[in-house]
Amino acid sequence: MPAELDACVTAFDSMPGTLDQPGWCDHSGLQLAALTTRPLVAPGARGPEPTGARSFDSSADGRRHDFALRPGARWADGSPVTTDDYARALDHAAASATVTGYWLRHVEQVSSRGDRLRVRLGQPDHGFPLLTSLPALAPYRTRTDGVGRYRIVRTAPRTIVLDRTPHTPGGPSRVVLRRVKSPERNLEGFAAGRLDVTSDTAFPLHRVAEFAGHPSLRVRRTGIVVALCFEGELLRPEAEQNRHTIRDALAAPGTAALLPAPLLPQHGFLPVRDFDRAFRDAARSTAPAPVHSPRPPARAHYRLAYDTYYPNRELARAAARMLAAAGIRADLVPDRYESRSRTADLRLNLFRGLRSDPLGVYRGLVFLEALRTHDVLETYLKVLQAYDSAPQTPASLDATVAELDGILARHSLCVPLAEVPGIFLARRPKAPWEWS
């Protein structure tokens, strides 16, 4: 990325849920954190590689993990980053009532002395160093103090402005994140040069090929996985059987089974200017057959939350119908992604890929953090590494996706339901969250 670039304007379809430590399923927050934080360890081609740490060491029994901090890391104001900063972030994440806290339930003690950070665990975990790569564990001081490449200098309801820290070269001097919900405005803004990077999950699906062939747009296709995430009481270890029941009810439905008929690619359906009216008109002639569900038992009653923009509403309805067919009642709870206020047991999310390769969505930080044990995380990464190191064919891609889906369905705190097409437009070789 040329250092002389002045600014990069990027459109997000939702603003981060927080400007401090992000939640595990706040994908915009995780992308922002990738710019403004520096983890101790990062996933590498041959396993965990030191990043904020210069080295790390684990005991033979997997219960003690030591990290030696790399010298020279600084906050935006130039003050040094210390092991106390990493210790506070780790303690905060472990104490949180989130999936991250559930993952860190075996952390017994975090201590720091000089440039050394020590973590003691209540049970063996040889994969713990890799866990520190997640942005939810990276150090935060205040929302404006970036410890990575950028810091937040200004916020507004629809805009976040980041400036590059003077002690970290590379990338444009400024990144502007804008919330642009309309696919039409996204495309117009990109074509007119007002946006440098944009993607949108509400793109009119049947027109992907049309825009992909447009010479001036330089469209990159991205996978978008529809997933149902567990929250609240369903995160407790004793809720394992309930999670299995829900997973079984949603086992491998496939895109065509999940998406309502009017949402599938078809001539004459243009959800650009008026999504609701277009959906109603198409539904009159192509509505799927009604599902006759048995009366659900009183014990199987959950709240399924979803972001309110199209097509999340229709996807949530489809997921609720599938659960109802298995005797599991799920009441739909509309909730704004930017300011979540509703308690829920399940939440529907659309996860887009963080890179432009065919498995970009499966490399997403959200999925990595949704895996329940660290040996499963290492297995998951080895599948990705095996795909990267071998000759790649359509058959090997399908086999790898199937293997990763199987790992997620068996061992994660979310259920992948389907993959839908999306777009990614960029005038730069990388998206901003890949620069750090």
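For clarity, every value in this text was computed on a predicted model and none was experimentally measured.
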Pairwise side-chain contact, Leu32 with Leu19, heavy-atom cut-off 4.5 Å (strictly under):
yes
Determine whether Trp75 and Asp85 make a side-chain contact, defined as any pair of heavy atoms from C-beta on separated by less than 4.5 Å.
yes
State whether a side-chain donor-acceptor pair under 3.5 Å links Thr82 with Asp84.
no
Side-chain (His65) to main-chain (Phe128) donor-acceptor, under 3.5 angstrom:
no
What's the separation between atom CD in Glu49 and atom OG in Ser133, rounded to the nearest 0.5 Å?
11.5 Å
Got His411 and Leu408 here, is their nearest side-chain heavy-atom distance under 4.5 Å?
no
Using the rule given for salt bridge (Lys or Arg N to Asp or Glu O under 4.0 Å), can you reason through Arg347 versus Asp307, listing the C-alpha separation, both sets of side-chain angles and the distance that settles it, and then say yes or no?
CA-CA 9 Å; Arg347 188 175 299 273; Asp307 189 15; over 6 Å; no
Less than 4.5 Å apart, any side-chain heavy atom of Phe67 and any of Thr83?
no
Any donor-acceptor pair under 3.5 Å from Ser396 side chain to Gln392 backbone
no
Any Lys/Arg nitrogen of Arg118 or Asp66 sitting under 4.0 Å from an Asp/Glu carboxylate oxygen of the other?
yes
For Leu332 and Ala316 the tightest heavy-atom approach is CD2-O, 3.7 Å
Got Val415 and Phe230 here, is their nearest side-chain heavy-atom distance under 4.5 Å?
yes
Would you find a donor on one side and an acceptor on the other, under 3.5 Å apart, between the side chain of Arg54 and the backbone of Leu69?
yes
How about Ile246 and Leu234: do any of their side-chain heavy atoms sit closer than 4.5 Å?
yes
Taking Ser389 for its side chain and Ala386 for its backbone only, find out whether a donor-acceptor pair lies under 3.5 Å.
yes
Could you tell me whether the side chain of Tyr387 and the main chain of Ala399 form a donor-acceptor pair under 3.5 Å?
no
Please check if the side chain of Arg178 supplies one atom and the backbone of Val9 the other of a donor-acceptor pair under 3.5 Å.
no
Please evaluate residues Arg179 and Ser28 with respect to the criterion side chain to side chain donor-acceptor pair (under 3.5 Å), reporting the C-alpha separation (whole Å), side-chain torsions for both, the decisive distance (0.1 Å), and the verdict.
CA-CA 10 Å; Arg179 177 190 170 204; Ser28 295; over 6 Å; no
Please check if atom CZ in Arg154 has more than 12 non-hydrogen atoms from other residues, nucleotides or ligands closer than 6.0 Å.
no
Would you say the side chain of Pro432 lies within less than 4.5 Å of the side chain of Tyr150, judging by non-hydrogen atoms?
no
Tell me, do Tyr302 and Asn242 make a side-chain contact under 4.5 Å, heavy atoms counted?
yes
Expected output: side-chain Arg303 to main-chain Asp345 donor-acceptor under 3.5 Å:
no
Salt bridge flag under 4.0 Å for residues Asp388 and Arg363:
yes
Please check if atom CZ in Arg236 has more than 12 non-hydrogen atoms from other residues, nucleotides or ligands closer than 6.0 Å.
no
Nearest 0.5 angstrom please: Leu137 CG to Leu40 CG, how far?
8.5 Å
Can a donor-acceptor pair be found, under 3.5 Å and without considering hydrogens, that links the side chain of Arg149 to the backbone of Gly171?
no
Looking only at heavy atoms, what is the nearest atom pair of Arg70 and Arg38, with distance?
CD-NH2, 3.5 Å
